[in-house]
Amino acid sequence: MGNRLAGKVCIITGAGSGIGREAAILFAQEGGKVVVADVNVAGGEETVRLIREAGGEAIFVRTDVTKAAEVEALVRTAEDTYGKLDVMFNNAGIFPDEDGSVVDTPEEVWDRVMAVNLKGVFLGCKYAIPAMLRAGGGSIINTASFVALMGAAVPQIAYTASKGGVLAMTREIAIEFARKNIRANALCPGPVDTPLLRSILSDPAKRQRRLVHIPMGRFAQAREVAQAALFLASDESSYVTATAFLVDGGITAAYITPE
Ligand code: NAD
C-alpha cells in the first residue's frame with residue numbers, strides 16, 4: 001500500500017467498470033477512502049469487493065449520475081460515512097453504437113449521451129463543490145476525451161459534443177474556484193481498451209482504422225489512465241488546474257505516425 005492519497009475521501013462515478021474500476025483500486029491502494037458510484041450494482045459491488053480483498057477502504061453507492069437527487073445523496077453519503085470529500089472523479093460515460101453522423105443520430109441518442117456524459121458531470125460538480133468548500137478544498141477530475149480536441153471521419157457526434165462540453169465546463173469551474181483551493185482538470189484519454197470500446201476493438205478493420213493514428217501503435221490500458229487520475233487527485237498536482245490533461249499515446253500531436 002502507498003500513501004499518495006492517504007486519508008483522502010474520493011468519489012469515483014462509473015467505478016463499476018473500465019477506467020473507473022482501475023482508478024478505484026489504485027486510489028484505495030494509495031490510502032484513499034473510495035466511494036464507488038455506478039448504476040450497475042453488480043459491477044460496483046465487485047469493485048468494492050476487490051478493494052476490500054486487498055485491504056483497502058471502500059463503499060458502494062448505487063447512483064445514476066443523470067439524477068440530481070441521487071448525486072446529491074451520493075455526496076451526502078460520502079460525507080456521512082467518511083466525514084468529508086476531497087476528490088470527485090466524474091468518470092461515468094456512455095458511447096452508444098447508434099451515435100454516429102450528425103445527419104442520422106437519433107435525437108433520443110443525443111439526449112441520452114448528453115444526460116450521462118455532460119449533465120452527469122455538471123451534477124457531480126454541483127454537489128461536490130459545496131462539500132469541498134466545507135473540507136477546505138479538493139480536486140475535481142472530469143473525464144473528457146481526446147475527441148474534445150480533434151475531429152474524426154468516423155463520427156460519434158453526441159459523444160464528441162458532450163466531451164467538448166466537459167472540457168469547456170471544467171475550465172470555467174477551475175477558474176471560478178481557483179482561489180478556494182479547489183482544482184479542476186479535464187482528463188482526456190485516447191482510445192482505451194475497456195468495455196466502452198468493445199464494438200470497435202472486436203472488429204479488426206475498425207481497430208486498424210484507429211491504430212494507424214496512434215504514434216505508440218497501441219490502445220491505452222485502463223490502468224494507464226487511472227495513473228493519470230491518481231496524479232490529478234493527489235497533492236502532487238497541486239499547481240495543475242484547468243488543464244486538458246492528455247493521456248493519448250501522442251495522438252493529438254501527430255501528423256504522420258511511425259510505420
Ligand atoms: P466503461 O463502459 O468500461 O465504464 C463506464 C461505467 O459508467 C460503467 O460501469 C457504467 O455502468 C457506468 N455508467 C454508465 N451510465 C451511468 C450513469 N447514468 N450513472 C452512473 N454510472 C453510469 O467505460 P470506460 O472506458 O471505463 O469509460 C470511462 C470514461 O472514460 C467515460 O467517461 C468515457 O467516455 C471516457 N473515455 C473512454 C475512452 C475509451 O476509449 N474507453 C476514451 C476516452 C474517454
Side-chain angles (χ1 to χ4, degrees), residues 11-26 35-48 50 60-71 73-74 88-97 99 109 111-124 127 141-150 152 154 156 158-167 169-170 186-202 206-207 210-211 213-214 218-226 228-229 232 244-249 251-252:
I11 295 176
I12 305 177
T13 68
S17 176
I19 297 164
R21 171 175 287 169
E22 287 298 324
I25 291 168
L26 191 56
V35 181
V36 170
D38 207 295
V39 270
N40 177 348
V41 174
E45 287 181 342
E46 174 63 7
T47 300
V48 169
L50 291 166
F60 172 63
V61 183
R62 193 223 170 258
T63 312
D64 180 344
V65 298
T66 70
K67 304 277 193 310
E70 294 189 22
V71 180
L74 168 66
M88 184 76 187
F89 184 11
N90 290 303
N91 160 82
I94 58 170
F95 184 76
D97 286 340
D99 184 13
V109 173
D111 288 344
R112 186 152 44 93
V113 170
M114 288 297 161
V116 179
N117 293 10
L118 186 53
K119 183 180 170 188
V121 174
F122 160 71
L123 291 173
Y127 293 108
I141 303 150
N142 292 334
T143 303
S145 166
F146 76 109
V147 301
L149 298 158
M150 304 182 83
V154 262
Q156 291 88 29
Y159 185 86
T160 296
S162 73
K163 297 302 189 180
V166 169
L167 185 63
M169 178 169 67
T170 306
L187 184 61
C188 298
V192 190
D193 185 355
T194 72
L196 189 95
L197 285 199
R198 193 176 286 124
S199 69
I200 290 174
L201 297 173
S202 60
K206 288 183 178 173
R207 279 181 78 94
R210 286 154 182 84
L211 281 174
H213 295 287
I214 307 175
R218 65 176 179 85
F219 298 106
Q221 294 300 311
R223 179 84 176 187
E224 296 177 297
V225 181
L232 293 173
F245 200 90
L246 283 158
V247 185
D248 71 349
I251 299 172
T252 53

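Note that ligands are numbered from 1 as they come in the structure, with each ligand's atoms numbered from 1 the same way.
From the protein, the heavy atom lying nearest to atom 16 (C) of ligand 1 is Val39 CG2, 3.5 Å. For atom 23 (O) of ligand 1, the closest heavy atom belonging to the protein is Leu196 CB, 3.3 Å. Val192 N, 2.7 Å is the protein heavy atom nearest to atom 40 (O) of ligand 1. Ranking protein heavy atoms by distance to atom 34 (O) of ligand 1, first place goes to Tyr159 OH, 2.6 Å. Nearest non-hydrogen protein atom to atom 18 (N) of ligand 1 is Asp64 OD1, 3.0 Å.
At a heavy-atom distance under 4.0 Å, only side-chain atoms of Thr194, from C-beta outward, approach ligand 1.
Geometrically, ligand 1 and Asn117 share no nitrogen or oxygen pair separated by less than 3.5 Å. When only interatomic distances are considered, the shortest N/O to N/O separation between Thr143 and ligand 1 does not fall below 3.5 Å. For ligand 1, one of its N or O atoms has an N or O atom of Ile19 under 3.5 Å away.
Below 4.0 Å from some heavy atom of Pro189 lie the following atoms of ligand 1, by number and element: 43 (C), 44 (C). Residue Ala144 approaches ligand 1 through these ligand atoms, each under 4.0 Å from one of its heavy atoms: 44 (C). For ligand 1, the atoms sitting less than 4.0 Å from at least one non-hydrogen atom of Thr63 are 19 (N), 20 (C), numbered in the order shown with element in parentheses. Within ligand 1, the atoms closer than 4.0 Å to a non-hydrogen atom of Gly18 are 3 (O), 26 (O), numbered from 1 in the order shown. Short contacts between ligand 1 and Ser17, defined as distances under 4.0 Å to a heavy atom of the residue, involve ligand atoms 1 (P), 3 (O), 4 (O), 8 (C), 9 (O). The distance from ligand 1 to the heavy atoms of Leu197 drops below 4.0 Å at these ligand atoms: 39 (C), 40 (O), 41 (N). Atoms of ligand 1 found under 4.0 Å from any heavy atom of Ser145, numbered from 1 in the order shown, are 43 (C), 44 (C). Of all the atoms in ligand 1, the ones that sit under 4.0 Å from a non-hydrogen atom of Ile94 are 14 (C), 15 (N).
Contact annotation: Lys163 has at least one heavy atom less than 4.0 Å from an atom of ligand 1. Within the structure, the closest approach of Pro191 to ligand 1 falls below 4.0 Å when heavy atoms are considered.
Residue pairs meeting the side chain to side chain donor-acceptor pair (under 3.5 Å) criterion with at least one partner in residues 187-196, sequence neighbours excluded, are absent.
Evaluation of the side chain to side chain contact (heavy atoms under 4.5 Å, CB included) rule for Asp111 yields Glu107 as partners, not counting sequence neighbours.
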